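Report on one structure; see the data block that follows.
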Amino acid sequence: MTIRWKSIGLAAFAAALTLSASYAEAAGVLTIGRREDSTTFDPIKTAQNIDNWVFSNVYDVLVRVDKTGTKLEPGLAESWTTSDDGLTYTFKIRDAKFSDGTPLTAEDAVFSLLRIRDDEGSLWSDSYKVIDTAVATDPRTLTIKLKNPSAPFLSTLALPNASVISKAGMESLGADAYAEKPIASGAFIVEEWRRGDRIILKKNPNFWQADRVKLDGVEWISVPDDNTRMLNVEAGELDAAIFVPFSRVEELKKDPNLNVLTDPSTREDHLLINHAHGDLGKREVRQALDMAIDKKAIVDAVTFGQGTIANSYIPKGALYHYADNLRRPYDPEKAKQMLADAGVSNLTLTYLLRAGDEVDEQTAVLIQQQLAKAGITANLQKVDPSQEWDMTVNGDYDISVNYWTNDILDPDQKTTFVLGHDSNNNYMTNYKSDAVKDLVAKARQELDPAKRAQMYFDLQKMAKEDVNWIDLYYSPYINVARKNVENFYQNPLGRFFLEDTVKNQ
């Protein structure tokens with residue numbers, strides 16, 4: 001999931017500094033500190049980790065990704081069959097209810113899927129255009145017919161943004177009201193959303209797996225400052241916190257009251273390049289940039305050894321990752337010569353970065369120094385996090401570091417977003433290759449796993465040759481929890497399994 005940075009009000013910061021210990025002491029209520037507040041509970045209108053990671057426990061999906069993040073398992077669909085031609089999927093909907101006590105039916109699933117496909121506000125419509133028809137043949141039977149075979153289709157049903165919502169509730173309340181206080185199909189209900197401060201969840205007694213849920217509630221509390229958030233956990237004012245800075249890991253491990261949790265992830269940090277800006281449109285220039293950046297130095301200095309050098313947009317451990325993909329050596333002198341051969345001199349770039357982000361700022365300084373050795377000037381433009389994302393989307397940058405965590409098991413989604421000429425200009429890079437675009441489409445429809453694997457190997461090689469962006473490093477999820485908290489866990493796609501978390505007194 002790509003991260004989307006939004007504004008954080010002063011009220012959130014003030015609240016973070018004055019957390020009441022009573023919340024942490026409440027029986028069965030888990031308090032979690034995070035940087036940003038959520039933006040919406042309308043699943044089709046966000047593409048942000050800060051939203052999806054919360055509503056993955058408020059909503060449920062037809063098909064789930066398991067705890068290992070490696071396979072699909074039944075969710076609201078207790079079983080399914082596929083026709084021989086790969087075009088028709090039939091799902092048996094389990095006996096479940098929404099949080100308001102109304103039955104959850106196949107008609108709700110139809111409504112949710114057609115909404116993510118057709119609603120003009122959907123950020124995910126492209127992934128669901130493959131659906132030709134979706135009908136409820138009876139209250140517990142959902143039949144979906146595809147326009148053409150699609151290898152990633154089942155995986156897309158596990159996307160949190162394809163969660164099943166209440167048709168009656170959405171039509172009665174309206175999209176805006178539903179986005180503020182939704183009718184839940186998952187483990188927890190939104191009790192209250194204090195904008196800029198916290199989201200208060202309570203256990204959903206009508207959840208079909210309610211017996212599995214150990215917590216009485218969860219509070220997601222916005223604490224924008226990394227160090228303040230860590231201090232809150234150390235002081236017992238928070239039960240847990242996410243986004244532990246790399247620099248704090250060893251120190252926190254020494255605290256006998258804390259557990260530092262490093263879970264395998266699909267996170268990749270990369271340097272975006274705006275191909276639409278002048279000489280950055282030349283492949284040789286982008287290759288020179290790649291060669292001018294010392295990834296090992298970044299991993300060592302920024303991640304304190306927690307990260308590993310990235311060599312592909314498909315992360316290590318993910319489906320069809322190409323382990324032997326090209327790794328350009330760090331060679332600033334050769335990079336300088338490549339620029340000269342391309343007729344480029346005095347290359348000056350605007351490097352957009354988020355002010356106040358420790359890792360982002362440290363990475364920027366390192367890259368600035370490294371590029372200088374190749375004769376490239378990078379002018380750092382620090383902006384408030386509330387501005388950075390919109391500037392990136394609008395193309396108001398030359399280079400900028402960002403990160404991505406996978407949303408589904410299949411590589412199609414990320415591949416489409418970053419290489420397939422999607423509506424976001426290939427993830428704001430303006431990268432274009434018709435040959436790559438055509439292969440992305442073919443790989444989506446190839447059902448033979450071996451042939452499909454080779455297609456993705458080829459795509460990774462093509463992307464590296466073209467330098468769509470510069471792969472920097474992969475890193476785990478790093479969270480911290482107090483010792484009385486058990487099973488606080490993220491799978492590689494980022495989902496928190498809070499239905500299994502226990503807070504002991």
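Quick note: residue numbers are just sequence positions, from 1. Quick caveat, the model's predicted, so the values are computed rather than measured.
A side-chain N or O of N504 and one of E486 form a donor-acceptor pair less than 3.5 Å apart. Remark: the S312 side chain and the Q460 side chain contain an N/O donor-acceptor pair separated by less than 3.5 Å. Judged by distance alone, the side chains of W469 and D471 do bring a donor and an acceptor atom under 3.5 Å apart. T416 and D412 are linked by a side-chain donor-acceptor pair at a separation below 3.5 angstrom, with hydrogens and angles left out of the test. Residues D66 and T68 have side chains that bring a donor and an acceptor to within less than 3.5 angstrom of each other. Counted by atom type alone, S127 and Q413 present zero donor-acceptor pairs between their side chains at under 3.5 Å. For N161 and N52, the side-chain atoms include at least one donor-acceptor pair closer than 3.5 Å. Side-chain polar atoms of D294 and Q370 form no donor-acceptor pair below 3.5 angstrom. Side-chain atoms of W208 and D60 form a donor-acceptor pair, as typed in the model, at a separation below 3.5 Å. Between the side chains of D51 and T39, at least one donor N or O lies within less than 3.5 Å of an accepting N or O.
Ion pairing between D226 and R35 holds under the 4.0 Å rule for side-chain N and carboxylate O. In summary, R267 and D269 engage in a salt bridge, as defined by a charged side-chain N under 4.0 Å from a carboxylate O. By the 4.0 Å N-to-carboxylate-O rule, K316 lies too far from E268 to be salt-bridged with it. By the 4.0 Å N-to-carboxylate-O rule, K97 lies too far from D100 to be salt-bridged with it. Comment: R452 engages D410 in a salt bridge, judged by a side-chain N to carboxylate O separation of less than 4.0 angstrom. Classification of K202 and E191 as a salt-bridged pair holds, one side-chain N sitting under 4.0 Å from a carboxylate O. The pair R229-D225 does not count as a salt bridge, with every side-chain nitrogen at least 4.0 angstrom from each carboxylate oxygen. Note on E36 versus R34: no salt bridge recorded, every NZ/NE/NH1/NH2 to OD/OE distance being 4.0 Å or above.
Of the possible donor and acceptor atoms, one in the side chain of K295 sits under 3.5 Å from a partner among the backbone N and O of D290. Between the side chain of D263 and the main chain of Y489, no donor-acceptor pair closer than 3.5 Å is present. Judged by distance alone, with hydrogens and angles left aside, the side-chain atoms of D37 form a donor-acceptor pair with the main-chain N or O of G196 at under 3.5 Å. At distances below 3.5 Å, at least one donor-acceptor pair connects side-chain atoms of D398 with backbone N or O atoms of T350. Listed for the Y178 side chain is a donor-acceptor partner under 3.5 Å among the backbone atoms of I183. Looking at W53, its side chain never comes within 3.5 Å of a backbone N or O of Q490 through a donor-acceptor pair. Here the side chain of T266 pairs a donor or acceptor atom with the backbone of P492 at under 3.5 angstrom. In terms of modelled atom types and a separation under 3.5 Å, the side chain of N325 and the main chain of N311 share a donor-acceptor contact. Y473 places no side-chain N or O within donor-acceptor distance of the main-chain N or O of V302, the cut-off being under 3.5 Å. Although no hydrogens or angles enter the test, the distance criterion places no donor-acceptor pair under 3.5 Å between the side chain of S475 and the main chain of G307.
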Working note: E251 + K253, criterion salt bridge (Lys or Arg N to Asp or Glu O under 4.0 Å); need CA distance, chi angles, decisive distance, verdict. CA-CA 5 Å; E251 177 189 348; K253 282 182 177 179; over 6 Å; no
Under the criterion salt bridge (Lys or Arg N to Asp or Glu O under 4.0 Å), I'd like the reasoning laid out for E78 against K92: C-alpha separation, chi angles, the key distance, then a yes or no. CA-CA 6 Å; E78 61 185 8; K92 184 59 65 176; over 6 Å; no
Dump the intermediate steps for side-chain contact (heavy atoms from CB on, under 4.5 Å) on T429 and N274, then the final yes or no. CA-CA 5 Å; T429 62; N274 191 341; over 6 Å; no
If you apply the rule side-chain contact (heavy atoms from CB on, under 4.5 Å), what do you find for E234 with L252, and how did you get there? CA-CA 8 Å; E234 290 176 293; L252 292 171; 3.8 Å; yes
Could you walk me through whether F207 and S99 pass side-chain contact (heavy atoms from CB on, under 4.5 Å), step by step? CA-CA 7 Å; F207 179 46; S99 57; over 6 Å; no
Derivation of the ring pair (Phe, Tyr, Trp, His ring centres under 6.0 Å) call for W193 and F41: CA-CA 10 Å; W193 183 359; F41 277 93; 5.4 Å; yes
Report the C-alpha distance between R328 and K464 in whole Å, list the side-chain angles of each, state the deciding distance to 0.1 Å, and finish with yes or no for side-chain contact (heavy atoms from CB on, under 4.5 Å). CA-CA 9 Å; R328 288 190 178 86; K464 180 65 75 172; 3.6 Å; yes
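With values rounded to the nearest 0.5 angstrom, S125 atom OG is found 8.5 Å from I116 atom CD1. Separating the NZ atom in K67 from the CZ atom in R495 is a distance of 9.5 Å, to the nearest 0.5 Å. Between atom CG of residue L498 and atom NZ of residue K214 there is a gap of 12.0 Å, rounded to the nearest 0.5 Å. To the nearest 0.5 Å, atoms CD1 (I189) and CD1 (I200) are separated by 13.5 Å. For the atom pair CG of N57 and CG of N204, the computed distance is 11.5 Å after rounding to the nearest 0.5 Å. Taking CD1 from I470 and CE from M291, the interatomic distance works out to 10.5 Å, rounded to the nearest 0.5 Å.
With a 4.5 Å cut-off on side-chain heavy atoms, F98 and N206 do not count as touching. Side-chain atoms of V164 and L62, non-hydrogen and from C-beta on, do get closer than 4.5 Å to each other. At least one side-chain heavy atom of N468 sits less than 4.5 Å from a side-chain heavy atom of L419. Here the side chains of L76 and L104 are in contact, with some heavy-atom distance below 4.5 Å. Looking only at side-chain heavy atoms (C-beta outward), F243 and N479 stay at 4.5 Å or farther from each other. At least one side-chain heavy atom of P182 sits under 4.5 Å from a side-chain heavy atom of V190. For the pair Y320/P449, a side-chain contact is recorded, criterion being any heavy-atom separation below 4.5 Å from C-beta on. Side-chain contact check for L371 versus I399: some heavy-atom pair is nearer than 4.5 Å.
By the 6.0 Å contact criterion, CG on N394 is enclosed, its count of non-hydrogen atoms from other residues, nucleotides or ligands being greater than 12. Counted within 6.0 Å of NZ on K382, heavy atoms from surrounding residues, nucleotides or ligands total 12 or fewer; the atom is thus considered open.
Here the closest non-hydrogen pair linking L142 and A109 is CD2-CB, 3.9 Å. The minimum heavy-atom distance between E499 and F188, with the atom names listed, is N-CE1, 4.4 Å.
Between Y427 and F417, the distance separating the two ring centers is not shorter than 6.0 angstrom. Ring centroid separation for the pair Y89 and F153 comes in under the 6.0 Å cut-off.
Cation-pi contact between R248 and F246: absent, since separation from the ring centre below 6.0 Å together with deviation from the ring axis within 45° is not met. Judged by the 6.0 Å distance and 45° axis criteria, K414 is not positioned over the aromatic ring of Y313. Cation-pi geometry between R198 and W220 is not met at under 6.0 angstrom from the ring centre and within 45 degrees of the axis.
Residue D239 is tested with R482, K503, K483 for a salt bridge (Lys or Arg N to Asp or Glu O under 4.0 Å); the sole match is K503.
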